[in-house]
Amino acid sequence: QVQLVESGGGLVQPGGSLRLSCAASGSIVSIYTMAWYRQAPGKQRELVAGITKSGTTNYADSVRGRFTISRDNAKNTVFLQLNSLKPEDTAVYYCNSDRIQTPLGGLYDTWGQGTQVTVSS
């Protein structure tokens, strides 16, 4: 069974930094696009950043220049470096993959369980 497991969330002061990780486990042949989403209380889930298998990235306007997404294909892991954090970045951050290829076929739209990021003084 393929799973995405996030880690690295926590409480940080405004202006601080965090690094989130999302590791895919299970029998995996390859992973296509990976992305980070976030959902704040009372708001819809939104795309934060995405990265293709070849390394092309895209960011939400609200985080561009502050957050950096990267991946290690050999370890089936995606990272999100969060710098210059603001209180409005407070949310549950979710890892997502649009397609994970396994020996038995493709898995589409796979989500992790989420990790809480709280930015507060």
Side-chain angles (χ1 to χ4, degrees):
Q1 183 177 357
V2 174
Q3 290 184 314
L4 297 177
V5 179
E6 301 100 332
S7 61
L11 173 63
V12 63
Q13 292 187 341
S17 298
L18 283 174
R19 189 185 194 218
L20 307 183
S21 299
C22 171
S25 63
S27 184
I28 296 170
V29 175
S30 63
I31 303 176
Y32 290 77
T33 298
M34 301 187 79
W36 288 94
Y37 288 75
R38 67 185 180 186
Q39 187 167 20
K43 295 188 176 181
Q44 289 189 331
R45 190 172 296 187
E46 63 175 356
L47 175 67
V48 176
I51 184 167
T52 66
K53 187 177 179 181
S54 61
T56 300
T57 58
N58 67 288
Y59 296 92
D61 289 342
S62 59
V63 307
R64 188 175 289 111
R66 300 188 297 121
F67 294 5
T68 302
I69 189 170
S70 60
R71 64 189 288 172
D72 184 336
N73 290 332
K75 296 183 178 180
N76 292 326
T77 301
V78 63
F79 306 96
L80 187 67
Q81 179 68 39
L82 294 73
N83 296 330
S84 303
L85 282 161
K86 305 175 181 180
E88 51 264 43
D89 295 318
T90 296
V92 178
Y93 284 69
Y94 297 91
C95 177
N96 170 270
S97 176
D98 66 342
R99 178 182 172 185
I100 298 175
Q101 193 65 34
T102 76
L104 298 179
L107 297 176
Y108 298 89
D109 200 26
T110 304
W111 292 88
Q113 83 289 350
T115 185
Q116 177 70 47
V117 171
T118 302
V119 184
S120 175
S121 55

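The structure displayed is predicted, hence computed values, not measured ones.
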Quick one: does any side-chain atom of [X] pair with a main-chain N or O of [Y] as donor and acceptor, under 3.5 Å?
X	Y	answer
Arg99	Tyr32	no
Gln101	Val29	no
Glu6	Gly114	yes

Taking atom [atom1] of [X] and atom [atom2] of [Y], what is their separation to the nearest 0.5 Å?
X	Y	atom1	atom2	result
Ile51	Ser97	CD1	OG	12.0 Å
Lys53	Asp98	NZ	CG	11.5 Å
Gln3	Ile100	CD	CD1	10.5 Å
Tyr94	Gln39	OH	CD	5.5 Å
Cys22	Trp36	SG	CH2	5.0 Å
Thr102	Ile31	OG1	CD1	11.0 Å

How far apart are the closest heavy atoms of [X] and [Y], and which atoms are they?
X	Y	value
Ala91	Ala40	CB-N, 3.8 Å
Gln116	Thr118	NE2-OG1, 3.3 Å
Val78	Cys95	CG1-SG, 3.8 Å
Ala24	Leu4	CB-CD2, 3.5 Å
Leu18	Gln81	O-NE2, 3.5 Å
Ala35	Leu47	CB-CD1, 3.9 Å

Quiz item: Between Tyr59 and Arg64, is there a cation-pi geometry (under 6.0 Å to ring centre, at most 45° from the normal)?
Solution: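 Arg64 over Tyr59 ring: no.
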Quiz item: So Lys86 and Asp89, salt bridge (Lys or Arg N to Asp or Glu O under 4.0 Å) or not? Walk me through it.
Solution: CA-CA 5 Å; Lys86 305 175 181 180; Asp89 295 318; over 6 Å; no
Quiz item: Would Val92 and Tyr37 show up in the same hydrophobic cluster when neighbours are defined by side-chain heavy atoms closer than 4.5 Å?
Solution: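 Hydrophobic grouping puts Val92 with Tyr37.
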Quiz item: Within a radius of less than 6.0 Å around CD of Glu88, do more than 12 heavy atoms belonging to other residues, nucleotides or ligands occur?
Solution: yes
Self-check item: side-chain contact (heavy atoms from CB on, under 4.5 Å) assessment of Arg38 paired with Val63
Solution: CA-CA 12 Å; Arg38 67 185 180 186; Val63 307; 4.0 Å; yes
Quiz item: In this structure, which one of Leu20, Thr90, Leu80 forms a side chain to side chain contact (heavy atoms under 4.5 Å, CB included) with Val117?
Solution: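 Checked Leu20, Thr90, Leu80 against Val117; only one passes side chain to side chain contact (heavy atoms under 4.5 Å, CB included): Leu20.
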Quiz prompt | Within-4.5 Å side-chain heavy-atom neighbours: Val12 and Leu82 | solution =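 No - every pair of side-chain heavy atoms lies 4.5 Å or more apart.
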Quiz item: Is the closest side-chain heavy-atom distance between Asp72 and Phe79 below 4.5 Å?
Solution: yes
Quiz item: Is the Phe67 ring parallel, tilted or perpendicular to the Tyr93 ring (thresholds 30°, 60°)?
Solution: tilted
